[in-house]
Amino acid sequence: AQSVTQLDSQVPVFEEAPVELRCNYSSSVSVYLFWYVQYPNQGLQLLLKYLSGSTLVKGINGFEAEFNKSQTSFHLRKPSVHISDTAEYFCAVVNTGFQKLVFGTGTRLLVSP
Amino acid sequence: SAVISQKPSRDICQRGTSLTIQCQVDSQVTMMFWYRQQPGQSLTLIATANQGSEATYESGFVIDKFPISRPNLTFSTLTVSNMSPEDSSIYLCSVGQGAHGAFFGQGTRLTVV
């Protein structure tokens with residue numbers, strides 16, 4: 001079975017500062033990795049995904065994430081955040097054969113002016 | 001991608017009553033998924049709804065409490081039966097898994113009083 005750990009429940013940051021949201025996963029088989037964002041009172045929106053190939057993946061809204069197999073990590077980064085990036089961010093993993101997504105507990109990004 | 005319409009977007013219900021949540025997808029899909037997101041927590045898969053067969057429930061969820069219908073390839077309903085305050089959550093419909101990731105409706109915010 002797979003599992004996902006998001007160590008930071010909340011990350012406060014000032015506008016235009018860089019941010020990194022951490023995600024570690026556990027799996028004995030190959031996986032696909034995802035980051036989702038949930039804005040207040042909305043559903044989840046796919047930010048980016050890692051399937052294979054280049055370990056650095058770019059997503060929407062200027063976000064990117066780097067897959068590190070040796071550290072079993074998939075951290076999300078943005079070089080300069082905006083107030084509008086305030087939201088809940090979820091890391092998720094799926095076994096390439098089992099097809100069921102497993103979500104982390106989420107990290108609330110709070111961007112202040 | 002898929003566009004998913006979910007309704008109602010929110011509701012306040014009396015304990016002991018039932019609420020049916022509807023999910024409409026703009027394309028035909030084999031499987032639809034229902035998640036629960038309790039306050040401040042991550043997403044938990046309730047069940048997988050396949051057209052033409054009974055839904056498959058995850059551990060801790062039963063059909064009597066969360067009956068699901070899947071009458072065609074673009075529509076599903078989830079009923080939360082005999083509600084108690086512990087059922088207060090966001091309920092999310094989604095489609096897609098595996099390498100494509102999942103697409104979500106905007107969610108139904110349920111408050112049971």
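Keep in mind that what you see is a predicted model, and the values were worked out from it rather than measured.
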**Asked** Does B/Y35 belong to the same Ile/Leu/Val/Met/Phe/Trp/Tyr cluster as A/V102, with side-chain heavy atoms less than 4.5 Å apart forming each link?
**Response** no
**Asked** Using a cut-off of under 4.5 Å for heavy-atom pairs, which of B/Q37, B/Q6, B/R10 has the most such pairs with chain A?
**Response** B/Q37
**Asked** Is the side chain of B/S42 donor-acceptor paired with the backbone N or O of A/G106 at a distance under 3.5 Å, no angle test?
**Response** no
**Asked** Top residue by heavy-atom pair count (under 4.5 Å) with chain B, among A/Q38, A/R108, A/Q6, A/E88?
**Response** A/Q38
**Message:** Applying a strict under-4.5 Å side-chain criterion to I, L, V, M, F, W and Y, I'd like to know whether B/M31 and B/F104 cluster together.
**Reply:** yes
**Prompt:** Under a 4.5 Å heavy-atom cut-off, does chain B meet the side chain of A/L44, its backbone, both or neither?
**Reply:** both
**Prompt:** Rounded to the nearest 0.5 Å, what separation is found between the CG atom of A/N41 and the OG atom of B/S9?
**Reply:** 9.0 Å
**Asked** Under a single-linkage definition using a 4.5 Å side-chain heavy-atom cutoff for Ile, Leu, Val, Met, Phe, Trp and Tyr, are A/F74 and A/F90 assigned to the same hydrophobic cluster?
**Response** no
**Asked** Checking heavy atoms, do the side chain of B/Q38, its backbone, both or neither come under 4.5 Å from chain A?
**Response** neither
**Request:** Step through the shown structure and confirm whether more than 12 heavy atoms of other residues, nucleotides or ligands are within 6.0 Å of CG on A/L7.
**Result:** yes
**Request:** Start with the C-alpha distance between B/L43 and A/Y36, add both sets of side-chain angles, then the distance that settles side-chain contact (heavy atoms from CB on, under 4.5 Å), and finish with yes or no.
**Result:** CA-CA 11 Å; B/L43 283 74; A/Y36 289 87; over 6 Å; no
**Request:** Pick one of side chain, backbone, both or neither for A/F103, based on which atoms fall under 4.5 Å of a heavy atom in chain B.
**Result:** both
**Request:** Tell me, yes or no, whether the heavy-atom count around A/F14 atom CZ, taken from other residues, nucleotides or ligands under 6.0 Å, exceeds 12.
**Result:** no
**Complete:** Between the CD atom in A/Q45 and the CZ atom in B/F103, the distance rounded to the nearest 0.5 Å is 10.0 Å
**Request:** Kindly indicate whether the side chain of A/T105, heavy atoms from C-beta on, has any atom under 4.5 Å from the side chain of B/Q41.
**Result:** no
**Asked** Would A/L109 and A/I83 show up in the same hydrophobic cluster when neighbours are defined by side-chain heavy atoms closer than 4.5 Å?
**Response** yes
**Message:** Using the rule that Ile, Leu, Val, Met, Phe, Trp and Tyr join whenever any side-chain heavy atoms are under 4.5 Å apart, tell me whether B/V25 and B/L45 fall into a single cluster.
**Reply:** no
